[in-house]
Number of protein chains: 2
Amino acid sequence: MTSVEEPARPRGRTRDAARTRAEILDMATQEFARAGYDGARVDEIAARTRTTKRMIYYYFGGKEQLFTAVLERAYGVIRDAEQQLDVEHLDPVAAIRRLAELTFDHHEQHLDFIRLVSIENIHEAEHIVASEKLAAIGSPALDVIRRILAAGQESGLFTADVDAVDLHAMISSFCFFRVANRHTFGALFGRDLTDPARREHYRAMLGDMVIAYLTADRAED
Amino acid sequence: MTSVEEPARPRGRTRDAARTRAEILDMATQEFARAGYDGARVDEIAARTRTTKRMIYYYFGGKEQLFTAVLERAYGVIRDAEQQLDVEHLDPVAAIRRLAELTFDHHEQHLDFIRLVSIENIHEAEHIVASEKLAAIGSPALDVIRRILAAGQESGLFTADVDAVDLHAMISSFCFFRVANRHTFGALFGRDLTDPARREHYRAMLGDMVIAYLTADRAED
DNA sequence: GCACTAATGTACGAACCGGTACGTTAGCTA
DNA sequence: TAGCTAACGTACCGGTTCGTACATTAGTGC
């Protein structure tokens, strides 16, 4: 990728199945994220690789399967990142805040992934549903949230009656919306939600919101 | 739309520019929302109207302009609904909660609109940016939020340092995500965020979250 | 009732695009 | 080094799809 190719081999197309496959996946990710499933062009993906369209069909079978493979890899990256989570040594409040911040950062750093998820939702998650890999991918983050939540609720720190899935949805909502809808939001309300100058503001706002919700005084209930 | 057509006119195509235009717009909204911009088929839109493809080009010019017209009308509907907002007679806490609930309901009732917004974001809001109508559409809801927020902050009820745009983003995030991403979320986490049985739960959760955030004890700051 | 135009229908073209038939070669193995 | 196969390239096909040229008619104004 970093212009290291000519020196290694003078001319003749070397054969490297793994590299070719990975290169197709990389370019396909970019193209699908750029234009959506129907807007993406198989020829365009091929043109950006060092191989030809023929190889896309050779390795993946077709456009549909290629998109599924792109999704599988993208979700795999997320899952791997979630497995690195290390927040359980913190007290529940700090742990949840840290988790929210990491989710925030992750969304910001994986713009292509956010687009792929939006696109997949337009297609009603049909590729995910049909994928065996994605059916069983699980979510390490959910387990982490579950344990922190249990600790916080047991100690009486957390008053809210939520489970891990709902809390995950709450955190993801804000992170996802901020990135995915920044174009229409910016155009209509004149505010760029991803302006670096406001990044810390929104990151703190998310943490404040989640903690306020979890620890709110619920005397009135 | 309710099978009232044959009795009125026996056969010959009656001419009604307004009706034809509106019918095209209706079907285009459905088709674009169903399949995305590139996935939508002009022929399919035409087939669902009582007129022909020719009329789409006659009235709108092309696919691109048709999509812009669809967006313009969809956003117009939202704006009109927002102008009906009547919550300022309530105290700030109740007013914000009510506003959040109305936003929640509105998202749930306009699934096509949510999809169109997702699609427009994939295209980086290019149609909105290019539309004069949408550039000047404004947001009545923002003004309402601004006033409630000012009242709440002045009285000391609201401790959070947010402005109307950010609060609107917070509320919209949850409402939008719940509907727009329900397919991938459901497939991956096994929970249907739009299950009617959980509707009240999420509606209350949103209100709780926003109010908790706005009124949180910020002694530690 | 005549003329004019807005509104509508038909038929078709040309480019695009996913997919494939067919041929070739690098590199490993025996 | 001969032979075999995974890996690759070229050229092309056929259906799809946006868009339009051309013909027609309903309704309106005079």
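All figures in this text were calculated on a predicted structure; none of them were measured in a lab. These values consider heavy atoms only, across backbone and side chains, with no hydrogens, waters or symmetry-generated copies.
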Which residue, A:Arg41 or A:Gly61, contacts DNA chain C at a nucleotide closer to its 5' end, judged by nearest heavy atom?
-> A:Arg41
Between A:Arg54 and D:dT10, does any side-chain N or O lie under 4.0 Å from OP1 or OP2?
-> no
Among C:dA7, C:dG18, D:dC18, which nucleotide sits nearest the side chain of B:Met55?
-> C:dA7
Considering only heavy atoms and no angle criterion, is a donor-acceptor pair shorter than 3.5 Å present between the side chain of A:Lys53 and the base of C:dG18?
-> yes
A:His168 and B:Phe189 aromatic ring geometry - parallel, tilted or perpendicular at 30°/60° bounds = perpendicular
Rounded to the nearest Å, what distance is computed from the CZ atom of residue A:Phe60 to the C1' atom of nucleotide C:dT20?
-> 18 Å
Quick one: which of C:dG18, D:dC18, D:dT10 gets closest to the side chain of A:Tyr57?
-> C:dG18
What is the distance, rounded to the nearest whole Å, between atom CZ of A:Arg50 and atom P of D:dA7?
-> 16 Å
So which protein nitrogen or oxygen atoms get under 3.5 Å of nucleotides 3-6 of chain C's nitrogens or oxygens?
unit_1, atom_1, unit_2, atom_2, d
C:dA6, N3, B:Arg15, NH1, 3.2

For A:Arg19 and C:dG27, give me the distance from atom CZ to atom C1', rounded to whole Å.
-> 15 Å
Please confirm whether the backbone N or O of B:Thr184 pairs with a side-chain atom of A:Asn121, one donor and one acceptor, at under 3.5 Å?
-> yes
Check the distance between D:dA7's P and A:Ile56's CD1 and give it to me in whole angstrom.
-> 16 Å
Any chance the side chains of A:Glu72 and A:Ser131 put a donor and an acceptor closer than 3.5 Å?
-> yes
Regarding A:Glu64 and A:His127, is there a side-chain donor-to-acceptor distance under 3.5 Å anywhere?
-> yes
A:Glu200, CD atom: more than 12 neighbouring heavy atoms under 6.0 Å | yes
Starting from P on C:dC17, measure out to NZ on A:Lys63 and report it in whole angstrom.
-> 9 Å
For the residue pair A:Tyr202 and A:Phe174, does the interplanar ring angle fall in the parallel (under 30°), tilted (30 to 60°) or perpendicular (over 60°) class?
-> tilted
Could you tell me whether A:Tyr213 and B:Tyr213 have their ring centroids closer than 6.0 angstrom?
-> no
Please state how far atom CZ in A:Arg21 lies from atom C1' in D:dA7, giving the value in whole angstrom units.
-> 14 Å
Taking CD1 from B:Ile24 and C1' from C:dG9, how many angstroms apart are they, rounded to a whole number?
-> 13 Å
Between C:dG18, D:dT10, C:dA7, which nucleotide gets closest to the side-chain atoms of A:Asp43?
-> C:dG18
Would you classify A:Ala46 as touching base, sugar-phosphate or nothing, given that sugar-phosphate means primed atoms plus P, OP1 and OP2, and contacts are heavy atoms under 4.0 Å?
-> nothing
Ring centroid separation for A:Phe177 and B:Phe177, is it under 6.0 angstrom?
-> no
Sugar-phosphate, base or nothing in reach of A:Ala18, heavy atoms under 4.0 Å = nothing
Closest nucleotide of DNA chain C for A:Gly39 versus for B:Thr20: which of these residues is on the 5' side?
-> B:Thr20
Which whole-number value in Å describes the distance from A:Ile45 CD1 to C:dC17 P?
-> 12 Å
Respond yes when some side-chain nitrogen or oxygen of B:Thr52 is under 4.0 Å from OP1 or OP2 of C:dT10, and no when none is.
-> no
